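Accompanying notes for the structure given below.
Everything numeric in this text was worked out from a predicted model, so none of it was measured.
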Amino acid sequence: MEYLRKNKKSLLMLAIALAVILVSSFFASMVQSAGYKSSVTDLRNETNSGVLYDANGNPTETKVQGKVASGILFVPNTATEKNPAPAIVLTHGYLNNRELQLQNAIELARRGFVVLTIDRGGHGHNTDEDVIAGSPYGAIMNTSGMYDSAKYLYNLPYVDKARIGISGHSMGGMTTSSVLSTDAKGINIIAAGLIQGYNPSVPNALNPNPYGNKSVGVLKAMDDEFFFASKDETGNATICREYIKSQAAWSFLNNKAYTAGNAINLTFGKPYVNGAIQEVEQGTAVGQPFRVIYEANEIHPLNHFSVESAGYVVDFFYSAFGTPANNGVIGSGNQIWWVKEMFSLIGLAAFFFLIFPVVSLLLTLPCFASLRKTEELDLDVGLGSIKKGGLHGITKTVTYFAGGVATMLFGGFIFRKAYTTYAGKGMISPSDYFPQDTTGSVANWALVCAGFALFVMLVVWAINFGVGKLAKKLGKEEVAVGNPFRCAKIDLISFVKTALLTLLVVGLLYAVVFINWGIWTVDFRIWTLDVKVFNLNMIPTMFRYSWVFFIFYAISAMGNAGFRLKDLPEWATIAINAFFNSFGILLVILIQYITFRSTGVLWQKDMALGYIVVFPMVAVLAIATIISRVLYKKTGNIWLGAMINALLFTIITVANTATSIPYSF
């Protein structure tokens with residue numbers, strides 16, 4: 001009882017965090033399954049086999065071998081052996097994972113479609129070494145998995161074999177296009193495909209009908225960072241937002257090669273058959289192979305996080321297959337996926353909040369009790385005062401803000417140089433030791449930023465030291481200069497204990513993630529920031545990258561501890577430091593996309609991918625600031641916060657991006 005009394009606050013915080021995770025995950029699961037009207041199953045290395053059926057529904061001797069390396073299968077309760085439903089394979093783009101197509105999977109499944117969203121080779125849980133090593137371009141161009149997954153659906157008894165579709169985003173769109181062409185020349189089991197965020201093949205003299213007798217659509221952003229440049233009817237270059245006026249769009253919708261003199265007068269969102277628009281009500285199949293182009297008012301990475309794009313996906317498969325039997329038409333604008341995303345966001349916030357009561361309770365254990373901050377340790381020694389004037393007080397205030405702004409701007413504007421210079425090489429270059437495509441490039445940037453931040457801290461300390469001595473010599477002030485590295489003081493035994501405590505904290509957090517996934521098949525996420533389960537063979541790679549990021553987070557934690565003013569309330573200190581740590585990256589992203597959306601042309605074309613890679617970093621850097629600051633107040637040094645940030649965010653990063661080299665121990 002004494003323990004409960006002393007730790008009442010921490011135990012209450014723990015209970016609240018776990019309750020929020022439990023409740024939010026329950027509702028996320030309920031929304032994801034449309035009120036449990038669909039089963040949702042995590043598939044890993046599942047195979048099946050069957051035979052090919054001819055156009056009359058008679059079995060042939062041709063074998064169909066299906067395989068799902070990693071997928072999430074949605075099966076509506078209206079799909080049965082007596083009432084087979086149309087089925088769709090969905091896949092993601094480069095550096096993403098199967099969960100990035102959940103918006104489409106949820107919306108299609110609640111309308112009666114069987115849906116399988118899969119990881120591409122080298123991504124997510126698809127870590128098949130033969131697949132990765134066999135791809136000459138690594139994960140970026142790996143096209144395996146989608147066709148085998150379509151065959152898997154074909155062999156399921158509750159799937160209508162005449163109505164199988166596929167769709168993928170970006171490099172997954174490339175895969176979609178490739179599989180459609182391959183199937184058209186092969187066993188022809190795929191009836192329709194929607195290519196998201198990738199240029200479709202268009203008829204030409206060498207390949208007059210690349211997709212055969214299939215319905216094919218294109219979903220593009222108004223401003224796509226990578227694709228949809230073409231030429232207009234006079235031969236002048238067009239940019240992405242002018243695609244509907246292009247020769248490529250004309251060739252695609254008319255299903256024949258463009259010839260000079262043809263006027264280009266096309267319409268988005270309307271199915272074309274032999275160059276003529278077909279008017280059909282939503283939920284009604286066109287009835288014959290068609291072509292259609294959808295344009296969403298967004299950028300490339302929003303194709304998989306957009307009500308508009310999700311609506312177009314629904315519209316396409318309604319047009320291709322009609323409304324599944326025993327299901328009514330649900331308008332494309334009637335969507336619930338974002339509700340699931342909001343519950344997952346609540347779970348994400350509770351997951352990060354869970355760190356604080358877990359640490360507080362573990363610090364009460366005898367083996368870790370020595371790591372707690374002692375009452376006599378004054379954390380404010382040597383800090384400047386925003387209220388107190390004088391030469392030294394003013395200098396400390398000015399250098400605090402000047403140093404923070406300098407570090408912030410350097411981190412933002414050096415990113416392009418660090419990313420492009422070290423992409424695929426540099427200090428942390430791709431190898432068996434560091435096998436991921438872009439994690440090393442971001443790590444190189446982090447090391448450069450850490451070096452600059454350390455330099456700024458030393459300069460600020462030197463200025464304040466000099467001004468302090470001058471003020472004291474003039475006899476105007478009695479000054480405590482402070483030691484900028486005092487917050488890092490720790491003995492070897494405490495350092496080892498801190499490392500063990502870090503492993504225990506992060507281990508407990510991920511136990512919650514895995515248990516939660518096992519119960520509900522949902523993770524904690526918002527868009528591309530996703531705390532998810534991972535294959536255990538990733539763990540050695542996670543630890544190797546974590547030591548690199550540890551340097552960054554340790555120096556950042558020093559800044560969070562020493563770069564502040566003693567008279568500011570704690571919330572203001574955290575807010576200001578979070579701003580300094582994250583706004584530099586946000587600023588260059590804003591410049592890139594304000595320019596892009598106003599002109600249709602990127603500010604920095606060579607960073608089309610680079611800035612997308614660090615979208616989640618804006619939130620990560622702010623969250624890491626909070627973690628390091630709160631744990632510094634608990635322990636009196638920066639090491640626990642730095643270690644937890646390094647390990648936790650490295651795990652999140654490695655689990656969510658691609659590898660081009662097989663994971664190894």
For Asn262 and Glu233: C-alpha separation, side-chain torsions, deciding distance, then whether side chain to side chain donor-acceptor pair (under 3.5 Å) applies. CA-CA 7 Å; Asn262 279 304; Glu233 59 189 47; over 6 Å; no
Given 3.5 Å as the limit, does a donor-acceptor pair link the side chain of Asp183 with the main chain of Ile190, or not? yes
Derivation of the side chain to side chain contact (heavy atoms under 4.5 Å, CB included) call for Val314 and Gln335: CA-CA 10 Å; Val314 168; Gln335 298 179 22; over 6 Å; no
Side chains of Thr438 and Tyr94: does their closest heavy-atom pair fall under 4.5 Å? yes
When every non-hydrogen atom of Ile244 is compared with those of Ile264, the smallest separation belongs to O-CG2, 3.6 Å
If we count only N and O atoms by modelled type, under 3.5 Å, do the side chains of Ser177 and Tyr211 hold a donor and an acceptor together? yes
Heavy-atom pair with the smallest gap, counting every atom of Tyr663 and Pro435: CD2-CG, 4.0 Å
Main-chain N/O of Gln604 paired with Gln592 side-chain donor or acceptor, under 3.5 Å: yes
Under 6.0 Å between the ring centres of Trp337 and Phe305? yes
Does a sphere of radius 6.0 Å around CG in Asn209 hold more than 12 heavy atoms from other residues, nucleotides or ligands, not counting ones at 6.0 Å or beyond? yes
Considering residues, nucleotides and ligands other than Asn265, do more than 12 of their heavy atoms fall under 6.0 Å from its CG? no
State, yes or no, whether a side-chain contact exists between Leu43 and Leu116 at a heavy-atom distance under 4.5 Å. yes
Compare every heavy atom of Arg163 with every heavy atom of Phe321, then report the nearest pair and how far apart it is. O-NH1, 2.8 Å
Please determine whether side chain to side chain contact (heavy atoms under 4.5 Å, CB included) holds for the pair Leu529 and Phe615, giving the CA-CA distance in whole Å, both sets of side-chain angles, and the decisive distance to 0.1 Å. CA-CA 8 Å; Leu529 178 55; Phe615 278 5; over 6 Å; no
Is it true that a side-chain atom of Thr60 and a backbone atom of Leu52 form a donor plus acceptor pair closer than 3.5 Å? yes
Which heavy atom in Ile106 sits nearest to a heavy atom in Val31, and how many Å separate them? CG2-O, 4.1 Å
Could you walk me through whether Arg525 and Asp523 satisfy the salt bridge (charged side-chain N to carboxylate O under 4.0 Å, His left out) test, starting with their C-alpha distance in whole Å, then the side-chain angles of each, then the deciding distance to 0.1 Å, before giving a yes or no? CA-CA 6 Å; Arg525 66 165 48 245; Asp523 51 20; 3.2 Å; yes
Classify the ring geometry of Tyr545 against Phe549: parallel below 30°, tilted from 30° to 60°, perpendicular beyond 60°. tilted
Do Glu225 and Tyr611 get their side chains close enough for a donor-acceptor pair, meaning under 3.5 Å? no
Counting only pairs under 3.5 Å, give me each side-chain donor-acceptor contact of residues 283-293, with atom names and distances, residues two or more places apart or in other chains.
| from | atom 1 | to | atom 2 | distance (Å) |
| --- | --- | --- | --- | --- |
| Arg291 | NH1 | Lys214 | O | 2.5 |

Closest non-hydrogen atom pair, Pro210 against Val202: CG-C, 4.2 Å
Counting N and O atoms only, with roles assigned by atom type, does the side chain of Ser178 sit under 3.5 Å from a partner on the main chain of Thr175, one being a donor and the other an acceptor? no
How about Asp54: does its CG atom have over 12 heavy atoms from other parts shown lying under 6.0 Å from it? yes
For a 4.5 angstrom cut-off between non-hydrogen side-chain atoms, does Met222 reach Arg597? yes
Would you say the side-chain atoms of His125 and Asn535 include a donor-acceptor pair closer than 3.5 Å? yes
Is it true that Tyr294 and Gln196 share a donor-acceptor pair across their side chains at a distance under 3.5 Å? no
Mind checking whether Arg110 and Phe74 have side chains closer than 4.5 Å, heavy atoms only? no
Give a yes/no verdict on a cation-pi contact between Lys151 and Tyr147, requiring under 6.0 Å between NZ or CZ and the six-membered ring centre and an angle within 45° of the axis. yes
Please check if the side chain of Glu107 supplies one atom and the backbone of Ile336 the other of a donor-acceptor pair under 3.5 Å. yes
In sequence, state the C-alpha distance, the side-chain angles, and the governing distance for Thr41 and Thr521, and then conclude on side chain to side chain contact (heavy atoms under 4.5 Å, CB included). CA-CA 7 Å; Thr41 307; Thr521 323; over 6 Å; no
Assess the residue pair Asn104 and Phe113 against the criterion (side chain to side chain contact (heavy atoms under 4.5 Å, CB included)); give the C-alpha distance rounded to whole Å, side-chain angles, the decisive distance to 0.1 Å, and a yes or no. CA-CA 11 Å; Asn104 299 322; Phe113 295 88; over 6 Å; no
Would you say Phe228 and Val218 make side-chain contact, with heavy atoms under 4.5 Å? yes
Given Thr657, Asn126, Thr91, Asn656, the one that forms side chain to side chain donor-acceptor pair (under 3.5 Å) with Asn97: Asn656
Are the charged groups of Asp42 and Arg98 less than 4.0 angstrom apart, N to O? yes
Is the shortest heavy-atom distance from the side chain of Leu266 to the side chain of Trp250 under 4.5 Å? yes
What closest approach, in Å, do Ile195 and Pro200 show between heavy atoms, and which atom pair accounts for it? CD1-CB, 3.9 Å
4.5 Å side-chain heavy-atom contact, Leu194 and Tyr312: no
Going by distance alone, is a donor N or O of one side chain under 3.5 Å from an acceptor N or O of the other, for Ser309 and Glu298? yes
Under a 4.0 Å threshold between the charged nitrogen and the carboxylate oxygen, would Asp232 count as salt-bridged to Lys245? no
Min side-chain heavy-atom separation Ser167-Phe317 under 4.5 Å: yes
Would you please say whether a donor-acceptor pair under 3.5 Å links the side chains of Asp224 and His300? yes
